[in-house]
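Note that the coordinates shown come from a computational prediction; the quantities given were computed from them, not determined experimentally.
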Amino acid sequence: MLDLIQILDVTCQDVLPIFKLLKAILKLIQIIIPAALILMGSIDLGKAVMSSDDKEIKGATSKLIKRAIAAVAIFLIPFLVSLLMNLFGSAELPDNVNTDNQTWSDCWSNAGN
């Protein structure tokens, strides 16, 4: 039976490329999706205003507000991931598992550099 120490025999240098990729993906998500949501909401509102129908304008305004809230929530995802990494990754792993004695949160923070 495999020991947990053998399974976790990784260092920060082993997972650093993965963390860098995850941070890059999160950065793209943080920028592209909120911009697209707000753009789509603005287009919907513009169409409703052009039609001059009060019911459509009210519906489009409601959609725009919901999309703006979703955009803010998506914009905060990288912050929440970093917060979780700092909370759950703060314990040092045993010396024979992590030879550079860094915590997972240290490795996550260094991935941005």
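Note that CZ of Arg67 and CG of Leu39 are 9.5 Å apart. Values are rounded to the nearest 0.5 Å. If you take NZ on Lys23 and CD1 on Ile18, they are separated by 14.5 Å, rounding to the nearest 0.5 Å. With rounding to the nearest 0.5 angstrom, the CG atom of Asp44 is 13.0 Å from the CD1 atom of Ile57.
In this structure, Val72 is not a member of the same hydrophobic cluster as Ile29, with clusters built from ILVMFWY side-chain heavy atoms closer than 4.5 Å. Linking Ile, Leu, Val, Met, Phe, Trp and Tyr residues whenever their side-chain heavy atoms come within less than 4.5 Å places Ile33 and Leu22 in a single cluster. Residue Leu37 is grouped with residue Ile77 when hydrophobic side chains (ILVMFWY) are merged at heavy-atom distances under 4.5 angstrom, including chains of intermediate members. Following chains of ILVMFWY side-chain contacts shorter than 4.5 Å, one cannot reach Val49 starting from Ile43, and the two form parts of different hydrophobic clusters. Linking ILVMFWY residues whenever their side-chain heavy atoms come closer than 4.5 Å, directly or via other members, places Leu26 and Ile74 in the same cluster.
Shown here is Lys63, whose NZ atom has no more than 12 heavy atoms of other residues, nucleotides or ligands within 6.0 Å. Within a 6.0 Å sphere centred on CZ of Phe75, heavy atoms belonging to other residues, nucleotides or ligands number 12 at most.
Side chains of Leu64 and Met40 form no contact here, defined as non-hydrogen atoms less than 4.5 Å apart.
A donor-acceptor pair is defined here as one N or O able to donate and one able to accept, closer than 3.5 Å; no such pair exists between the side chain of Ser62 and the backbone of Lys58.
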